[in-house]
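Read through the structure below, which is laid out as structure tokens, and then see the notes.
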Amino acid sequence: MPRSNAVTFTDKKLGSLKKRAEFLFVREGQYRAQGGIVIQMRKNPAHTTIRVGFTATKKIGNAVIRNRAKRRLRQLARQFLPQFGAVGYDYVFIARDSTVGRDWACLTQDTKKALKALYVLSKPA
RNA sequence: UCAGAGGGCCAGACGGCCGCGGGCUGCAAGGCGCGAGGAAAGUCCGGGCUCCAGCGUAAUAGGAUGCCAGAUAACGUCUGGCGGGGGUGACCCUAGGGAAAGUGCCACAGAGAGAAGACUACCUCUAUAUAGGGGAAAAGCUGAAAGGGUGCGGUAAGAGCGCACCGCGCCGAGGGCAACUCAGGCGGCAAGGUAAACCCCAUCCGGAGCAAAACCAAAUAGGAACGAUAUUGCGCGUUACGCCGCCAUCGUUCGGGUUGGUUGCUAGAGGCUUAUCGUGAGGUAAGUCCAAGAUGAAUGGUCGUCACUCAUAUUUAUAUGGGUACAGAACCCGGCUUAUCGGCCCUCUGAUAUU
């Protein structure tokens, strides 16, 4: 059976990062911290789709807090990555202390600004 | 009404919009239905299940448990009872076997601390205003603890020295399955305490865990299986005995570690209702229901209305703002422990008021 993320996606469906090695790979790329969110990005020549992963460390809180933060990040990714993400890049969304408590409207603005800034970096002159 | 004791339950509700993970159905588009907890937590006990060359019997070491009876698959859990302690009471607490098997410890103070003791005070004798001898455990002092308590008799002064009551120890008819209880009798009353100190006794216990384990696909060797020959003791298992297994050579066949996927994976010591047996934990029978299954890991995001509650303001009913815990399944059950905003219900006890 072929690996699901090896299939060439033509729609806007997002792939996901699953291995620790993949997260470490993205960490070496560009990053942008904005308000209640940190986004990392790196070009991955092996894929022609947008892939995304989520990180919430123990520094943020217990399991309930971390899961809640990841759900909000996942919701943000669904809303904005198909529109503002760069194809062929891997993204990692990292939760901060303020991710859970921050107003949802502010969080969406943070995400849009961060993604736009990173999109510019993905198209070097 | 106030104060308190025991037990049970809930864990904000509803609706838009946008989404997620399984299942069923459909050629497809889609449709239908399901989707966190009382602790899912800590991983502290007990099981099921899976694997590990072991299995049976016995023993050693180690660990756990420790009044009695019962419940249960099992337990260190639960139920009922007994003993001890606390409370006016409802009720609560209790590791509660053995100290004449042995070892250790009991500081300091104090005259004396375990077959105790004479410092002061007391009684008495001898010389005589002080010293010495004797009696004595009643008073003082010390201490956590001073070798039964109170009263009467008794005496030089005293003392279980004698007696009564209380306490204690031993025996014990009768009651109880048992722990134990107890009518009565006997003994003048003891060489203490500590075993969540070592220890002794009784009972129980193999280890690792779903990242267990099985299968499929890809890719590769030091291996694995079967058959034949060889038959020595060695190795594995904590040890001994018994049974069994492995071992060297040849031939044939198949293929580790790792990665991905599938199974394990949710119908079970299952929930609910009724009947019945039992003081109860629970047992039995009938009916009925199917209730998450992810794997960088779904069960959500956001907005609105209402509910509860807190603060502030005042027109005492509204406005504004805040809050609505602890916490997230990861193979599954039975418990224990810990965390928890706010609220509701039931039963019982004491006090006060009224009738």
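Since this is a predicted model, take the numbers as computed values, not measurements. Letters A, B, ... mirror the listed sequences (proteins, then strands); counts begin at 1.
C20(B) atom P lies 17 Å from atom CG of Leu73(A), rounded to whole Å. Between the CZ atom of Phe54(A) and the C1' atom of A297(B) there is a distance of 13 Å, given to the nearest Å. One can place CG of Leu76(A) at 15 Å from P of G19(B), the figure rounded to the nearest angstrom. The distance between atom NZ of Lys70(A) and atom P of U295(B), rounded to the nearest whole Å, is 13 Å. Rounded to a whole Å, the CG atom of Asn67(A) is 13 Å from the P atom of A41(B).
Under the side chain to side chain donor-acceptor pair (under 3.5 Å) criterion, Asp110(A) pairs with Arg102(A), sequence neighbours left out. For Lys113(A), the side chain to side chain contact (heavy atoms under 4.5 Å, CB included) criterion is met by Gln34(A), not counting sequence neighbours. In this structure Gln30(A) satisfies the side chain to side chain contact (heavy atoms under 4.5 Å, CB included) test together with Met41(A), Leu118(A), Leu121(A), sequence neighbours excluded. The side chain to side chain contact (heavy atoms under 4.5 Å, CB included) check on Ala33(A) picks up Val38(A), Arg96(A), with sequence neighbours excluded.
In textbook terms, a nucleotide whose glycosidic angle is within 90° of 0 is syn, while G185(B), being further out, is anti. Glycosidic torsion of A298(B) falls outside 90° of 0, placing the base in anti. A291(B): glycosidic angle within 90° of 0, hence syn. Shown here, G172(B) is classed anti by the O4'-C1'-N9-C4 or O4'-C1'-N1-C2 angle, which is more than 90° from 0.
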N/O contacts under 3.5 Å, protein versus nucleotides 299-301 of chain B?
residue : atom : partner  : partner atom : Å
U299(B) : OP2  : Arg71(A) : NE           : 3.3
G301(B) : OP1  : Arg68(A) : NH1          : 2.8

Heteroatom pairs (N/O) under 3.5 angstrom, protein to nucleotides 338-340 of chain B:
none

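Of the residues near RNA chain B, Ile65(A) and Thr55(A), the one whose nearest nucleotide (by heavy atom distance) lies more toward the 5' end is Thr55(A).
On the P atoms, U299(B) is 24 Å away from G323(B), given to the nearest whole Å. Here the separation of A159(B) from C152(B), taken at their C1' atoms, is 15 Å to the nearest Å. The same atom, C1', is picked in U266(B) and in C331(B); the two are 8 Å apart, to the nearest Å. Rounded to whole Å, the separation between the C1' atoms of G148(B) and G192(B) comes to 14 Å. Rounded to the nearest Å, the gap between the P atom of G48(B) and that of C75(B) is 12 Å. To the nearest whole angstrom, the two P atoms, one in A107(B) and one in G8(B), are 50 Å apart. Across the P atoms, G140(B) and G158(B) are found 15 Å apart, a figure rounded to whole Å. Comparing G300(B) with A292(B), their P atoms sit 15 Å apart, to the nearest whole Å.
Side chain of Tyr91(A) to backbone of Ala86(A): a donor-acceptor contact under 3.5 angstrom is found.
Residue pairs that meet the side chain to side chain donor-acceptor pair (under 3.5 Å) test with at least one member in residues 64-73 of chain A, sequence neighbours left out, do not exist here.
Here Arg42(A) does not pair with Asp90(A) in a salt bridge; the nearest charged N to carboxylate O distance is not below 4.0 Å.
Phe84(A) CZ: more than 12 foreign heavy atoms inside a 6.0 Å radius.
Proximity of Ile94(A) to Ile37(A): side-chain heavy atoms (C-beta onward) are nowhere separated by under 4.5 Å. Looking at Leu76(A) and Phe80(A), their side chains come closer than 4.5 Å, going by heavy atoms from C-beta outward.
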